[in-house]
J.: 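So that we are looking at the same thing, I have put the structure below in structure tokens.
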Amino acid sequence: MFKAIRSVAVGSAAAVLLVSAFTLTSASAATGGAPGHHGKPGPHASQQTLGTLGKKAGLRIGTAVNMDALADDAPYRARVAGEFTSVTAENVMKWEAVEPRRGTYDWAAADELVDFAGKNRQLVRGHTLVWHSQLPAWLTEDAFTADELREILHRHVTEQVTHFKGRIWQWDVVNEAFNEDGTLRDSIWLRKLGPGYIADAFRWAHEADPKARLFINDYNIESVNAKSDALYDLVSRLRKQRVPVHGVGIQGHLGVQYGAPHDIADNMLRFDELGLETAITEADVRIPMPADSTELEAQAEGYAVMLRGCLLTPGCNAFTLWGFTDTYSWVPDTFPGEGAANVLDEDYAPKPAYGTLRQTLTLAAGRH
């Protein structure tokens with residue numbers, strides 16, 4: 001259904017409409033049904049959530065989910081259930097979580113998220129199957145031969161995708177495979193298995209669940225640059241080789257000090273022209289602390305630029321926030337001195353970015 005909705009033309013009229021959404025002030029966009037403090041919905045919130053508006057525009061609006069918060073924080077849980085139409089596991093589907101000891105699997109937390117999504121009629125993005133980070137110690141500390149490592153990777157991809165077969169909408173099959181200059185990342189996979197590990201992972205995932213949509217996912221590929229060019233070249237080759245790569249995930253981790261990627265629509269459209277789906281998979285916009293009003297407006301612009309890029313790309317079918325409240329943001333621990341990266345503050349009050357996203361979606365939905 002979403003694909004059908006998005007099949008309308010996205011020419012100059014659509015561009016004008018979306019630019020109009022951006023020019024509305026964030027302050028006015030944040031009023032009228034905005035959520036109150038502590039996650040309590042304001043008037044008409046049920047009609048004006050990001051997820052509901054995204055559905056009208058043919059787009060799944062999702063969030064990464066912190067499972068500890070989902071269990072212990074009632075406002076957080078209510079917001080995840082009511083605001084979004086898709087969810088991504090922030091950590092509980094990564095290899096160190098699902099197989100902490102070789103051959104011993106722990107699916108409990110990931111199953112809980114998938115069950116939660118099912119109860120709330122949400123789709124699930126699986127994150128992630130093959131990555132250089134957050135690997136279990138047993139995998140990185142033992143000196144496996146290339147043949148042994150390939151079999152371990154094959155088993156991991158097959159076991160995980162099979163476990164969730166029929167319950168995952170999109171998988172981030174390979175995550176962060178490139179350096180900034182467009183060369184392949186020096187990971188355990190590249191060193192031992194060579195670049196062919198990427199195609200192998202997609203083939204194995206497709207064999208395990210032919211209906212899941214399979215993505216390659218990376219950061220700093222929002223603009224046309226050396227990294228996104230290299231990814232474009234790779235997926236072009238893989239498609240010609242009939243490797244089942246279905247989509248490109250553009251993470252969208254931005255910082256206000258670096259400016260917004262205003263060429264994102266052009267970048268996404270070239271993947272679209274290859275016949276690939278696209279998605280914004282991990283959107284947040286961090287700010288050097290303390291944040292002031294000018295920086296909050298710049299943050300709203302960053303979010304809006306990414307959303308407009310997605311809306312202007314027919315094959316873009318998901319826009320996922322990497323968390324929605326600053327209470328549980330990963331940013332302060334990873335980027336000392338920076339924070340306030342999400343669309344709601346630590347009291348669940350909306351920032352200008354939240355209103356801007358909602359207003360942009362409202363006007364985009366009005367095209368249909």
Side-chain angles (χ1 to χ4, degrees), residues 64 88-91 93-96 98 125-136 139-140 144 146 149-158 160-161 168 170-208 212-253 261 264 267-268 270-271 274-283 318 320 322 334:
T88 300
E90 187 172 30
N91 286 300
M93 289 187 184
K94 293 172 181 173
W95 199 333
E96 68 176 3
V98 299
R125 296 197 78 260
H127 180 79
T128 176
L129 296 174
V130 185
W131 192 25
H132 66 277
S133 185
Q134 291 185 247
L135 297 172
L139 178 60
T140 58
F144 296 106
L149 190 64
R150 188 173 189 273
E151 179 53 35
I152 287 170
L153 183 61
H154 185 186
R155 179 179 51 78
H156 167 70
V157 171
T158 301
Q160 184 154 354
V161 177
I168 300 293
Q170 298 176 347
W171 273 110
D172 289 332
V173 176
V174 175
N175 192 46
E176 300 176 3
F178 284 93
N179 296 312
E180 298 305 301
D181 64 0
T183 58
L184 286 173
R185 181 186 294 275
D186 180 23
S187 67
I188 185 176
W189 313 118
L190 185 66
R191 288 193 302 273
K192 287 289 188 75
L193 307 181
Y197 81 87
I198 296 174
D200 285 340
F202 278 93
R203 291 188 178 106
W204 296 332
H206 185 64
E207 289 170 1
R213 308 307 289 170
L214 307 181
F215 278 63
I216 186 167
N217 190 53
D218 219 318
Y219 64 93
N220 287 352
I221 59 167
E222 295 78 22
S223 291
V224 176
N225 54 35
K227 193 173 189 178
S228 63
D229 285 347
L231 179 57
Y232 178 86
D233 291 342
L234 173 65
V235 294
S236 297
R237 292 195 305 274
L238 293 177
R239 296 279 287 183
K240 290 177 182 177
Q241 297 165 11
R242 299 187 180 278
V243 176
V245 179
H246 304 134
V248 172
I250 297 171
Q251 291 186 10
H253 294 298
I264 189 170
N267 186 39
M268 295 180 75
R270 61 180 177 157
F271 293 106
L274 289 177
L276 289 163
E277 300 170 26
T278 49
I280 304 296
T281 58
E282 304 183 21
T320 299
W322 203 247
T334 307

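Heavy-atom basis, side chains included; hydrogens, waters and symmetry copies ignored.
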J.: Rounded at 0.5 Å granularity, tell me how far CG in Asp229 sits from CG in Leu234.
T.: 12.5 Å

J.: Please name all residues satisfying side-chain hydrogen bond (donor to acceptor under 3.5 Å, both in side chains) with Asn267, sequence neighbours left out, ordered by chain then number.
T.: Arg270

J.: Restricting to salt bridge (Lys or Arg N to Asp or Glu O under 4.0 Å), what partner residues turn up for Glu180, sequence neighbours left out?
T.: Lys227

J.: Please determine, by modelled atom types, if His246 and Glu277 share a side-chain donor-acceptor pair under 3.5 angstrom.
T.: no

J.: Would you check if the side chain of Glu282 reaches a backbone N or O of Gly249 as a donor-acceptor pair within less than 3.5 Å?
T.: no

J.: Between OG of Ser133 and CD1 of Ile188, what distance do you get to the nearest 0.5 Å?
T.: 12.5 Å

J.: Students often mix this up, so state it plainly: with edges at 30° and 60°, are the rings of Trp95 and His156 parallel, tilted or perpendicular?
T.: parallel

J.: Give every donor-acceptor pair under 3.5 Å between a side-chain atom in residues 196-206 and any protein atom, sequence neighbours left out.
T.:
residue	atom	partner	partner atom	Å
Asp200	OD1	Arg150	NH2	3.4
Asp200	OD2	Arg150	NE	3.3
Asp200	OD2	Arg150	NH2	3.1

J.: Verify, without hydrogens or angle tests, whether Arg213 (side chain) and Gly247 (backbone) share a donor-acceptor contact under 3.5 angstrom.
T.: no

J.: To check you understand the geometry: which heavy-atom pair defines the closest contact between Trp322 and Ala89, and what is its length?
T.: CH2-O, 4.3 Å

J.: Looking only at heavy atoms, which two atoms of Gly182 and Ala230 are closest? And how far apart?
T.: O-CB, 3.2 Å

J.: Less than 4.5 Å apart, any side-chain heavy atom of Asn175 and any of Gln251?
T.: yes

J.: Tyr219: what forms a ring pair (Phe, Tyr, Trp, His ring centres under 6.0 Å) with it, not counting sequence neighbours?
T.: none

J.: Would a 4.5 Å heavy-atom cut-off, applied to side chains only, mark Val173 and Ile216 as touching?
T.: no

J.: In the structure I gave you, are the side-chain heavy atoms of Thr128 and Glu176 within less than 4.5 Å of one another anywhere?
T.: no

J.: Please check: side-chain N/O of Thr158 versus main-chain N/O of His154, any donor-acceptor pairing under 3.5 Å?
T.: yes

J.: If you measure from CG on Leu135 to OG1 on Thr140, what distance do you get to the nearest 0.5 Å?
T.: 6.5 Å

J.: Compare all side-chain heavy atoms of Val248 with those of Tyr232 and state whether any distance is below 4.5 angstrom.
T.: no

J.: When rounded to the nearest 0.5 angstrom, what is the spacing between OG1 in Thr281 and CD in Gln170?
T.: 9.5 Å

J.: Contact between Leu276 and Phe215 at the side-chain level, heavy atoms closer than 4.5 Å - yes or no?
T.: no

J.: What are the two closest heavy atoms between Leu190 and Pro195, and how far apart are they?
T.: CD1-N, 3.6 Å

J.: Phe178 versus Leu184: any side-chain heavy-atom pair under 4.5 Å?
T.: yes

J.: Which residues pass the side-chain hydrogen bond (donor to acceptor under 3.5 Å, both in side chains) test with Glu222, not counting sequence neighbours?
T.: none

J.: Quick one: closest heavy-atom pair of Lys192 and Ala146, and the distance?
T.: O-CB, 3.4 Å

J.: For Asn225 and Ser228, test the side chains for any donor-to-acceptor distance below 3.5 angstrom and give the result as yes or no.
T.: yes

J.: Please examine the side chains of Trp131 and Glu96, heavy atoms only from C-beta on, and report whether any two atoms are closer than 4.5 Å.
T.: no

J.: Do the side chain of Asp172 and the main chain of Arg125 share a donor and acceptor less than 3.5 angstrom apart?
T.: no

J.: Arg191: which residues meet the salt bridge (Lys or Arg N to Asp or Glu O under 4.0 Å) condition with it, sequence neighbours left out?
T.: Asp186

J.: Once you round to the nearest 0.5 Å, how far does OG1 of Thr320 lie from NE2 of His127?
T.: 10.5 Å

J.: Please name the residue in the list Val161, Leu214, Leu153 that meets the side-chain contact (heavy atoms from CB on, under 4.5 Å) test with Leu129.
T.: Val161

J.: Show the nearest heavy-atom pair for residues Ser236 and Leu274, with the distance to one decimal.
T.: OG-CD1, 3.4 Å

J.: Rounded to the nearest 0.5 Å, how far apart are CD of Gln134 and CG of Asn91?
T.: 5.0 Å

J.: Looking at every non-hydrogen atom in both residues, tell me the closest pair between Glu90 and Ala64 and how far apart they are.
T.: CB-CB, 4.3 Å

